[in-house]
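Notes follow once the structure below has been shown.
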Amino acid sequence: MTVTSRNNGPAQPATTRPGELATGLVEELGLRPIIHAGGTKTTMGGTRIDVEVRDAMWSACDVFVPVAELAKATGTYIAQITGAEAGTVTSGAAGACVLSMAACMTGTDKARIARLPDTTGMPDELIIMRTHVGRYTHLYRRAGARIIEVGTMNECHGWEIFSAVTERTAAIAWLEGPGIRQVGPGLREVCREARRLGVPVIADVAAMLPPRANLRRYVEEGADLVTVSGGKVIGGPQNTGLLYGRADLIAAAVANNSPQQGIGRPFKVSKEDMIGLYVALRRFVARDESAQLERWRRMLEPMAASLRGSYPGRVEIRHDEHLFHVPMLVIEDVATHCGRSASAVSAELLAGEPRVFVPGDDSRDHLTVNPVSLLAEELPIVAARLADVLG
């Protein structure tokens, strides 16, 4: 591997293909890389970031600036593109969840900030609809919150949410994401009544991009704080997120966050990652969204045509606002036609050679191929492995 040198710094790899250096290092560690057909799945390494983003991050290694100043400047840009009063960079949407809860409980009160997760003497209850309780709800507890669930898995009325408001209420949570059931009042209605009661609403919408319009939608509908992942379709570093909304609450989140010594100190975001997210956001808002979606669709068409000729179940490309936010290849009725579950087929693909990650959903009995992290030359490999395992 040839390298070029930088003054006063480590050698920069001159790669001939994406990931060449890292592939060798991964293999040196005794691991086998995967072909990532799961989109932006964090457990499989997130998504592919653009060369321009990588170059910016590499360059940022040699530039020093007070981290708080860089965070403020990046947050100002986040506010600009989202229509919020203020914004800040976080350690993923998960970090944003913890900080949003902390902000609602402490404000900028230094004594309260220093006590978290001990919430003695401060409002610490978070009201959430039962259908919105999920794998990440516990993150609010990290800040010391007590979760108050309302409604059932089949319905939730506005009066159930608002009758739960007491002097102990710090915030109301709203969760929206692909496949999340919405059975209660809409966000706009929740925000309108919550504002009347003086209670902030936190909207966790980490994976609700595209469409790009969603960057502004939740603020426009009244959310006081909005959390979004920076490492998914935005294409920023995997460990970055966006938190934006009311200026006073963002100031409180910043006061709780690194580089301060509050509960967010472990959620450090490096200067390189802040610069990377900034460049990724600029690219994301400037991109022709329709053209990008169509490109992803076209990537999947040859694979769909090939599988339709060999697999007896339904194979189609889907794109909607509920479950498939980008065009995805959906392979249905897996258990029926393969004699084993979708998750078992997924595990077989991951264990084989080459390793391919295609998510399997047993509840829907389907496999999904997401093109966001795939290279053109990987598509026929994924198609061949699917045909072999499904056959």
Side-chain angles (χ1 to χ4, degrees), residues 37-42 46-50 52-53 77-85 87 89-90 92-93 96-97 132 134 136 174-182 185-191 201-238 240-245 277-301 316-330 359 368-374:
T40 61
K41 206 78 166 172
T42 297
T47 190
R48 206 177 294 277
I49 62 175
D50 187 83
E52 185 180 349
V53 177
Y77 180 70
I78 291 171
Q80 176 188 327
I81 64 174
T82 60
E85 293 179 3
V89 181
T90 63
C97 286
H132 287 187
Y136 302 107
W174 174 274
L175 174 65
E176 191 165 339
I180 301 296
R181 295 177 65 227
Q182 301 295 340
L187 177 61
R188 195 180 297 275
E189 178 185 346
V190 169
C191 291
V201 175
I202 303 169
D204 176 12
V205 294
M208 287 299 289
L209 296 172
R212 183 170 54 235
N214 278 355
L215 276 176
R216 289 178 170 266
R217 171 189 157 195
Y218 301 100
V219 167
E220 291 171 351
E221 292 189 3
D224 298 280
L225 286 170
V226 180
T227 66
V228 174
S229 172
K232 295 188 185 298
V233 177
I234 287 174
Q238 174 64 16
T240 59
L242 290 68
L243 178 61
Y244 53 92
L277 177 62
Y278 171 61
V279 174
L281 281 168
R282 286 195 319 181
R283 290 178 55 82
F284 181 73
V285 298
R287 188 165 65 194
D288 184 331
E289 186 169 78
S290 296
Q292 178 66 77
L293 292 170
E294 181 57 28
R295 186 178 75 84
W296 282 329
R297 175 180 289 277
R298 287 199 306 271
M299 287 175 65
L300 294 171
E301 285 173 350
E316 60 183 358
I317 299 172
R318 293 187 188 169
H319 178 209
D320 58 49
E321 295 182 0
H322 176 63
L323 189 59
F324 306 105
H325 279 219
V326 300
M328 295 189 205
L329 182 65
V330 184
T368 52
V369 176
N370 185 319
V372 171
S373 296
L374 286 171

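Residue numbers start at 1 and run along the sequence shown.
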- Message: Does Glu220 have more than 12 heavy atoms from other residues, nucleotides or ligands lying within 6.0 Å of its CD?
- Response: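 More than 12 heavy atoms, drawn from other residues, nucleotides or ligands, come within 6.0 Å of this atom.
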As an exercise, state the distance from [atom1] of [X] to [atom2] of [Y], rounded to the nearest 0.5 Å.
X: Leu243; Y: Thr90; atom1: CG; atom2: OG1; value: 6.0 Å
X: Asp288; Y: Leu293; atom1: CG; atom2: CG; value: 9.0 Å
X: Leu277; Y: Gln238; atom1: CG; atom2: CD; value: 12.0 Å
X: Leu175; Y: Ile180; atom1: CG; atom2: CD1; value: 4.5 Å
X: Glu321; Y: Leu323; atom1: CD; atom2: CG; value: 12.5 Å
X: Leu329; Y: Glu301; atom1: CG; atom2: CD; value: 10.5 Å

- I would like to know whether Ile234 and Thr240 meet side chain to side chain contact (heavy atoms under 4.5 Å, CB included); could you show each step before the answer? CA-CA 10 Å; Ile234 287 174; Thr240 59; over 6 Å; no
Any heavy-atom pair between the side chains of [Y] and [X] that's under 4.5 Å?
X: Leu242; Y: Leu281; answer: yes
X: Gln182; Y: Trp174; answer: yes
X: Ile78; Y: Val89; answer: yes

- Task: Could you please spell out the steps behind the side chain to side chain contact (heavy atoms under 4.5 Å, CB included) verdict for Lys232 and Leu209?
- Result: CA-CA 8 Å; Lys232 295 188 185 298; Leu209 296 172; over 6 Å; no
- Check the pair Phe284, Leu215 against side chain to side chain contact (heavy atoms under 4.5 Å, CB included), reporting the backbone distance first and the verdict last. CA-CA 11 Å; Phe284 181 73; Leu215 276 176; 3.9 Å; yes
Closest non-hydrogen atom pair between [X] and [Y], with its separation:
X: Val190; Y: Pro185; value: CG2-CG, 3.9 Å
X: Pro327; Y: Ile317; value: CB-CG2, 4.1 Å
X: Arg283; Y: Val53; value: CD-CG2, 4.2 Å
X: Ala79; Y: Gly87; value: CB-N, 4.0 Å
X: Ala203; Y: Ala223; value: CB-CB, 3.9 Å
X: Gly83; Y: Val219; value: O-CG1, 3.9 Å

- Taking Asn370 for the side chain and Ser373 for the main chain, is one N or O donor matched with an acceptor at less than 3.5 Å?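 Pair absent, no side-chain N/O of Asn370 close to backbone of Ser373.
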- Between His319 and Met328, is there a donor-acceptor pair closer than 3.5 Å when you use the side chain of the first and the backbone of the second?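 The answer is no, because no donor-acceptor pair under 3.5 Å joins these two groups.
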- Task: Please assess Glu294 against Arg298 for the test side chain to side chain contact (heavy atoms under 4.5 Å, CB included), listing each intermediate value before the final yes or no.
- Result: CA-CA 6 Å; Glu294 181 57 28; Arg298 287 199 306 271; 3.1 Å; yes
- Looking at Val226, Asn214, Thr227, which one forms a side chain to side chain contact (heavy atoms under 4.5 Å, CB included) with Val205?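 Going through Val226, Asn214, Thr227 one by one, the side chain to side chain contact (heavy atoms under 4.5 Å, CB included) with Val205 is satisfied by Val226 alone.
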- Which residues pass the side-chain contact (heavy atoms from CB on, under 4.5 Å) test with Asp224, sequence neighbours left out?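 Scan of Asp224 (side-chain contact (heavy atoms from CB on, under 4.5 Å), adjacent residues dropped) gives Arg195, Pro200, Val201, Arg246, Leu249.
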- Item | Those residues that, when tested against Tyr278, pass side-chain contact (heavy atoms from CB on, under 4.5 Å) (two or more places apart) |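 With sequence neighbours excluded, Tyr278 shows a side-chain contact (heavy atoms from CB on, under 4.5 Å) to Thr74, Tyr77, Arg282, given in chain and number order.
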- Message: Listing request: all salt bridge (charged side-chain N to carboxylate O under 4.0 Å, His left out) pairs with a residue in residues 205-219, at least two apart in sequence or in separate chains.
- Response: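 Listed by first then second residue: Glu176-Arg217, Arg217-Glu221.
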